[in-house]
Amino acid sequence: MRALVKAKPEPGLWLEDVPDPTPGTGEVLIEVLQTGICGTDLHIVAWDEWAQAHIPTPLVVGHEFVGRIVALGAGVDDLTVGDLVGGEGHLVCGRCRNCMAGRRHLCARTEGVGVTRAGAFADYLTLPATNVWKHRPDIDLDVATIFDPFGNAVHTALTFPVLGEDVLITGAGPIGIMAAAVVRHAGARYVVITDVNDYRLELASKVGVTVAANTGRTTLARVHQDLGMKEGFDIGLEMSGNSQALPAMVEAMAHGGRIAVLGLPSGDISIDWSRVVLHMLTIKGIYGRQMFETWYAMSVLVQEGLDITPVITHRFRAEEYEQAFRTVREGLCGKVILDWT
Ligand code: NAD
Ligand code: ZN
């Protein structure tokens, strides 16, 4: 089969012909239809410090996918050949304290599809049946393709109640934009999203944000004033990983404000801790998706009319992967889809 392989411990990614995988006990074989490119994949291609420390080679990479089950391994009796599926990319250990207590998203020993085990940028992948999410057969295929990052957005956006609240989102990447769509759908009052990239702010405007602000040109204090807000933001969603965004968010929060941090910083970030204390802020880290409450929430949100399709801007054939990765790197895009059919 065709597969995008991290073949050697050096920068790059190679389209290779590799043996088809076979599903083990409790696993299914999935024919991949479409995949999405994630920032993690860029780290792996660039072979940065994180990638060098975590990625075994050779490895088929990629973890955002939609596909169809084509074979069942021994012991799988709750899924059917032909099912349209996605999959949770974090495989949990099942044995740590959190797993045993049913809090699988807090597992301390996860494995990652396309990170520590063979991934989805291929014609086929295997996955434990317990990680498979069965889609409604009528779901839009593009939307199903990006359930993994959509799940990051939903998990973060619904961490704190947003009904009637004023929400600040820093970072209008694909995940920030989807989070904006979710909090809007969930009844937030003002939804303010910031970035330094006008293309992405333009994209964010398509999902109904109140203000899409370029913080290279304006300040949150100004936005605040323009909206006539008397106090700060009630809810903050940090989705940039940029070292200036979280400190600015801490400044802009109301007393008792709650911040969910998804963005992964590349180093230490300094924030005004006296403000956190005196304004009684809550800051919570968010990783991945809740298994499988987030997947359930995504499905019903989409079924009920939440439209995240504006975030999908580019599509390439699998063979055009170099151009696709270049597009993601350049940042003048939303989600970029690779077609494997
Ligand atoms: P992305 O890199 O496409 O988007 C980040 C955006 O932040 C970019 O558009 C960038 O221009 C913008 N930005 C840069 N500086 C900024 C600033 N000072 N203020 C506001 N915006 C600024 O990333 P994405 O795919 O949308 O993911 C969002 C973040 O979440 C990334 O940091 C990613 O690493 C992280 N992430 C975390 C998890 C998790 O489980 N915790 C999962 C997926 C992604
Ligand atoms: Zn565990």
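Both counts, for ligands and for their atoms, begin at 1 and track the order of listing. Please read all numbers here as calculations on a predicted model, not as lab measurements. Atoms considered below: every heavy atom in the structure, side chains included; atoms not considered: hydrogens, waters and symmetry mates.
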Query - Contact check, Gly288 vs ligand 1, heavy-atom distance below 4.0 Å - result: yes
Query raised in the report: Looking at Leu237, Leu220, Ile193, Ile235, which one forms a side-chain contact (heavy atoms from CB on, under 4.5 Å) with Leu168?
Result: Leu220
Query - Between CZ on residue Arg136 and CG on residue Leu84, distance to nearest 0.5 Å - result: 11.5 Å
**Report entry** The one among Asp148, Asp195, Asn197 that brings a heavy atom closest to atom 9 (O) of ligand 1
**Finding:** Asp195
Report summary line: Out of Ser240, Ala213, Ala172, the nearest non-hydrogen contact to atom 22 (C) of ligand 1 is supplied by Ser240
Query raised in the report: Does the N or O separation between Ala245 and ligand 1 drop below 3.5 Å for any pair?
Result: no
Report summary line: The answer for which part of Asn152 has a heavy atom under 4.0 Å from ligand 1 is side chain
**Report entry** Any N or O of Arg200 closer than 3.5 Å to N or O of ligand 1
**Finding:** yes
Requested in this report: Kindly compute the distance separating CD (Glu251) from CG (Leu246), expressed to the nearest 0.5 Å.
Outcome: 11.0 Å
Report summary line: The reported gap from CZ in Arg109 to SG in Cys99 (rounded to nearest 0.5 angstrom) is 8.0 Å
Query raised in the report: Which one of Ile146, Asn152, Ile169 satisfies the side-chain contact (heavy atoms from CB on, under 4.5 Å) criterion with Ile175?
Result: Asn152
Report summary line: Angle subtended at the Zn ion (ligand 2) by Cys93 SG and Cys96 SG, to the nearest 10 degrees, is 110°
Query raised in the report: Between the candidates Val311, Val328, Leu264, which shows the shortest non-hydrogen contact distance to atom 31 (C) of ligand 1?
Result: Leu264
Query - Arg275 CZ: over 12 foreign heavy atoms closer than 6.0 Å - result: yes
